[in-house]
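Everything below concerns the one structure shown next.
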Amino acid sequence: MDLRHYVRENQQVIEFVQNSTPGVLDKYIGTLDYATARFNTILLTLSQDTLQADEHRYEIDECFAVIQNFYTDTKRYLTWPYFLKPIMAVKLHWSGVTQIPKIKFLLEKINN
């Protein structure tokens with residue numbers, strides 16, 4: 001498993017967060033920022049121990065998918081028409097409450 005793949009793919013998310021306009025989507029951008037920072041910390045920790053990285057392969061893939069889906073949904077929220085935004089806001093809220101915490105739990109699991 002090559003952890004560099006995840007870093008390269010998350011580069012789009014990091015650039016999106018850095019180039020975002022303050023005040024537009026602060027809570028979604030903040031969630032993406034925290035999630036990618038935690039995920040990169042996980043990757044840095046696991047790059048030092050390949051056996052542990054192989055052990056957590058499924059969780060790493062799942063966390064990567066969560067970040068990519070949240071990023072895609074945030075971009076959709078920006079481009080969708082006004083009357084459809086509440087639907088995407090509910091989806092983003094659900095993802096932020098149920099899916100994003102998986103990254104934090106994996107980080108705590110790896111650090112302990």
Side-chain angles (χ1 to χ4, degrees):
M1 176 173 68
D2 188 24
L3 298 177
R4 287 178 283 186
H5 165 73
Y6 299 116
V7 175
R8 279 188 230 114
E9 292 296 321
N10 273 341
Q11 194 63 32
Q12 295 173 346
V13 179
I14 293 169
E15 289 174 7
F16 177 73
V17 168
Q18 289 175 344
N19 297 331
S20 65
T21 306
V24 176
L25 297 171
D26 285 340
K27 59 185 171 184
Y28 303 128
I29 300 299
T31 302
L32 273 175
D33 190 24
Y34 266 89
T36 54
R38 286 179 175 155
F39 188 68
N40 287 336
T41 304
I42 290 168
L43 294 178
L44 184 63
T45 305
L46 292 179
S47 69
Q48 299 170 359
D49 187 7
T50 56
L51 291 176
Q52 193 175 13
D54 288 339
E55 182 180 320
H56 296 290
R57 173 177 283 167
Y58 174 74
E59 288 124 339
I60 294 169
D61 288 336
E62 187 177 12
C63 290
F64 177 73
V66 166
I67 290 173
Q68 292 299 316
N69 290 338
F70 197 86
Y71 166 65
T72 304
D73 290 343
T74 303
K75 286 184 72 171
R76 285 182 186 157
Y77 184 82
L78 282 172
T79 59
W80 277 16
Y82 180 75
F83 63 92
L84 292 176
K85 286 190 180 198
I87 296 168
M88 189 52 66
V90 169
K91 185 175 180 189
L92 283 167
H93 176 74
W94 174 83
S95 181
V97 170
T98 61
Q99 301 296 312
I100 295 291
K102 292 178 183 179
I103 300 167
K104 181 180 178 183
F105 295 142
L106 179 60
L107 180 61
E108 291 172 354
K109 188 176 182 182
I110 288 172
N111 286 335
N112 291 335

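Model, not experiment: these values are computed from the prediction.
Listed by chain and residue number, Glu59 satisfy the salt bridge (charged side-chain N to carboxylate O under 4.0 Å, His left out) test with Lys109 (two or more places apart in sequence, or in another chain). Considering only residues two or more places apart in sequence or on other chains, Arg8 meets the side-chain hydrogen bond (donor to acceptor under 3.5 Å, both in side chains) condition with none of them.
The two residues Gly96 and Pro101 come nearest to each other via the heavy atoms O-CD, 3.5 Å. A pairwise comparison of heavy atoms in Ile29 and Ser20 identifies CG2-OG, 3.6 Å as the closest pair. For the pair Ile110 and Gln52, the tightest heavy-atom approach, listed with the atom from each and the gap, is O-NE2, 3.7 Å.
Rounding to the nearest 0.5 Å gives a distance of 9.5 Å between CG of Leu32 and CG of Asn10. Of the inter-residue distances, the one linking Arg76 atom CZ with Ile87 atom CD1 reads 12.5 Å to the nearest 0.5 angstrom. Note: Ile67 CD1 to Glu9 CD = 12.0 Å, rounded to the nearest 0.5 Å. The CZ atom of Arg38 sits 8.5 Å away from atom CD1 of Ile103, with the distance rounded to the nearest 0.5 Å. Atom CD of Gln12 is separated from atom OG1 of Thr72 by 8.5 Å, given to the nearest 0.5 angstrom. How far OG1 of Thr41 is from CG of Leu46: 10.5 Å, rounded to the nearest 0.5 Å.
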*I would like to know whether Ile14 and Asn40 meet side chain to side chain contact (heavy atoms under 4.5 Å, CB included); could you show each step before the answer?*
CA-CA 11 Å; Ile14 293 169; Asn40 287 336; 3.7 Å; yes

*What do the steps show when you test Leu106 against Phe39 for side chain to side chain contact (heavy atoms under 4.5 Å, CB included), and what is the final call?*
CA-CA 9 Å; Leu106 179 60; Phe39 188 68; 5.6 Å; no

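Residue-environment remark: NZ (Lys102) exceeds the threshold of 12 foreign heavy atoms within 6.0 Å. Surrounding NZ of Lys91 are at most 12 heavy atoms belonging to other residues, nucleotides or ligands under 6.0 Å away.
Thr74 places none of its side-chain heavy atoms less than 4.5 Å from the side chain of Met88. You'll find the side chain of Phe16 reaches within 4.5 Å of the side chain of Leu78, heavy atoms only. Counting heavy atoms from C-beta on, the side chains of Asn69 and Gln99 never come closer than 4.5 Å. Side-chain contact between Leu43 and Ile60 is present, with heavy atoms from C-beta onward closer than 4.5 Å.
Linking Ile, Leu, Val, Met, Phe, Trp and Tyr whenever their side-chain heavy atoms come within less than 4.5 Å puts Leu92 and Leu84 in one cluster.
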